[in-house]
Protein chains: 2
Amino acid sequence: MNPSTPVTAASDAVVETLTASRALLGVIARSLATVMDTVTLPQFRVLVVLSDLGPLRMGELSEKLGANQSSFSRFADRMVTAGLIARQPAATNRREVIISLTELGRKIHHAVTEARRAEIAALLGTLSPAERAAVKAGFEIFASAAGEPPAADLMIVGL
Amino acid sequence: MNPSTPVTAASDAVVETLTASRALLGVIARSLATVMDTVTLPQFRVLVVLSDLGPLRMGELSEKLGANQSSFSRFADRMVTAGLIARQPAATNRREVIISLTELGRKIHHAVTEARRAEIAALLGTLSPAERAAVKAGFEIFASAAGEPPAADLMIVGL
DNA sequence: TGCAATATATGCCATACTGCAATTATGAAT
DNA sequence: ATTCATAATTGCAGTATGGCATATATTGCA
């Protein structure tokens with residue numbers, strides 16, 4: 001088969017995509033490394049969800065995380081003890097409990113996000129403007145074709 | 001600030017990169033979803049290492065995984081019981097134990113890799129040849145700037 | 001008021017993973 | 001041959017996560 005056929009060009013693109021995905025996974029992993037002595041991966045996932053969606057009821061939160069409600073209650077215990085989240089009774093309903101990020105929880109989430117952003121910025125900074133434009137274009141096309149991953153999918157790997 | 005200044009162009013590229021990284025994380029997560037009832041994430045990481053490097057001694061393997069040697073011995077117990085890996089005494093040295101993938105272990109690793117490849121191929125298949133070329137170019141530039149992530153980094157997230 | 005539904009928490013228990021210290025088996029060296 | 005070093009395992013103990021069934025508190029409805 002001729003290396004310049006569309007089929008080969010397509011599988012080349014697959015290979016490049018897989019390679020790039022490993023590189024990005026490295027960035028993600030390193031961004032997490034600094035906080036892994038303070039939070040576990042599942043716990044960090046909670047920080048992400050709360051950061052994205054704001055304070056949530058216990059039930060809603062456990063559902064978003066795909067966790068058993070009773071398991072999550074104890075899971076929350078540990079995170080409260082660690083000072084990452086706070087339980088507060090709902091204003092309107094005394095049997096509901098609202099979970100929100102504490103300052104520490106917010107700070108940890110921010111640190112990870114920022115580390116990720118900074119590493120990518122540094123990396124792109126080493127490129128020429130033309131290269132950077134090519135990266136932006138390629139990623140833009142890919143991301144719009146792939147769409148945002150459902151939250152449930154990301155939960156699988158705890159990120 | 002004018003939206004067409006280099007600075008803005010650069011941060012646009014950062015945003016696109018972060019968005020694409022989430023999309024790729026979704027692909028990775030989904031590829032793992034099917035096997036998560038058979039292996040845990042740390043266990044899958046072992047399959048990856050053995051698949052990349054071939055059979056290894058207990059000590060080498062535990063070191064590559066950043067795990068305590070005694071912890072890993074029991075970790076291996078579970079994986080042997082699950083039929084994912086096999087212990088064999090080394091040919092040259094009766095005190096060394098070599099760990100290798102079983103058929104099942106190999107099959108699971110392959111299933112994940114293949115699922116990942118297939119989803120990306122399908123995704124890229126929806127693009128025009130020009131778009132696909134742009135993706136390939138962008139990812140190629142990014143990947144070569146980022147380099148392969150150290151194995152230790154990937155271990156952090158268990159992938 | 002009494003009863004059903006809802007939201008959370010607890011009792012109980014099981015598994016995965018982890019580390020430190022001590023043990024066993026083997027190999028290497030003097 | 002005895003001693004030292006190396007490779008792996010095991011005893012012991014602890015944390016994190018998970019689920020099922022049950023209990024408690026509160027709300028809403030009849």
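Per chain, numbering begins at 1; letters A, B, ... match sequence-line order.
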- Task: Would you mind reading off the distance between B/L84 atom CG and C/dA16 atom C1', rounded to a whole angstrom?
- Result: 14 Å
- Task: Could you name each residue pair satisfying ring-ring contact (aromatic ring centres under 6.0 Å, His included) that touches residues 14-35 of chain A, not counting sequence neighbours?
- Result: none
- Query: What pairs with A/F139 under ring-ring contact (aromatic ring centres under 6.0 Å, His included), at least two apart in sequence or on another chain?
  - Reply: B/F139, B/F142
- Return the residues of residues 97-110 of chain A meeting this criterion: a heavy atom under 4.0 Å from some atom of DNA chain D. Order them by number, or give none. none
- Contacts of type side-chain contact (heavy atoms from CB on, under 4.5 Å), residue A/S100, not counting sequence neighbours: A/P55, A/A86, A/Q88
Pairs under 3.5 Å (N/O, protein and nucleotides 15-17 of chain D):
unit_1	atom_1	unit_2	atom_2	d
D/dT17	OP1	A/T40	OG1	2.4
D/dT17	OP2	A/Q43	NE2	3.2
D/dT17	OP2	A/R78	NE	3.2
D/dT17	OP2	A/R78	NH2	3.4

- Message: Among residues at least two apart in sequence or on other chains, which ones pass ring-ring contact (aromatic ring centres under 6.0 Å, His included) with B/F75?
- Response: B/F72
- Please confirm whether the backbone N or O of A/I28 pairs with a side-chain atom of A/S31, one donor and one acceptor, at under 3.5 Å? yes
- Query: Can you find a side chain N or O atom of B/S73 that sits less than 4.0 Å from OP1 or OP2 on D/dT9?
  - Reply: yes
- Query: By side-chain contact (heavy atoms from CB on, under 4.5 Å), which residues pair with A/E148, not counting sequence neighbours?
  - Reply: B/T19, B/R22
- Query: Looking only at atom types and distance, does a side-chain atom of B/T17 sit under 3.5 Å from a main-chain N or O of B/A13, one as donor and one as acceptor?
  - Reply: yes
- Query: Rounded to whole angstroms, how far apart are CG on B/D77 and P on C/dA16?
  - Reply: 12 Å
- Note on the structure: When rounded to whole Å, the CG to P distance for the pair B/N68 and D/dA7 reads 15 Å
- Task: Please report, rounded to the nearest Å, how far the C1' atom of C/dC17 is from the CZ atom of B/R45.
- Result: 17 Å
- Message: So, using side chain to side chain donor-acceptor pair (under 3.5 Å) as the criterion, who are the partners of B/R106 when residues are at least two apart?
- Response: B/E103
- With sequence neighbours left out, write down each residue that passes side-chain contact (heavy atoms from CB on, under 4.5 Å) with B/R57, or none if nothing qualifies. B/E60, B/E96, B/I98
- Query: More than 12 non-hydrogen atoms from neighbouring residues, nucleotides or ligands closer than 6.0 Å to CD on A/E63, yes or no?
  - Reply: no
- Task: Quick one: list whatever passes side chain to side chain donor-acceptor pair (under 3.5 Å) with A/S144, sequence neighbours left out.
- Result: none
- Query: When the distance from CZ of A/R87 to P of C/dA7 is rounded to whole Å, what number comes out?
  - Reply: 16 Å
- Test item: B/R132 side-chain N/O and B/L124 main-chain N/O as donor-acceptor pair under 3.5 Å: yes
- Stepwise salt bridge (charged side-chain N to carboxylate O under 4.0 Å, His left out) test for B/R87 and B/D77: CA-CA 9 Å; B/R87 273 191 175 96; B/D77 289 345; 2.9 Å; yes
- Give the B/S/- string for nucleotides 22-30 of chain C, one per nucleotide from 5' to 3', where a protein heavy atom under 4.0 Å of the base yields B, of only the sugar-phosphate yields S, and otherwise -. ----BS---
- Between D/dC20 (C1') and A/Q69 (CD): distance, integer Å: 12 Å
- Query: Looking at residues 50-66 of chain B, who's got a heavy atom less than 4.0 Å off DNA chain C?
  - Reply: none
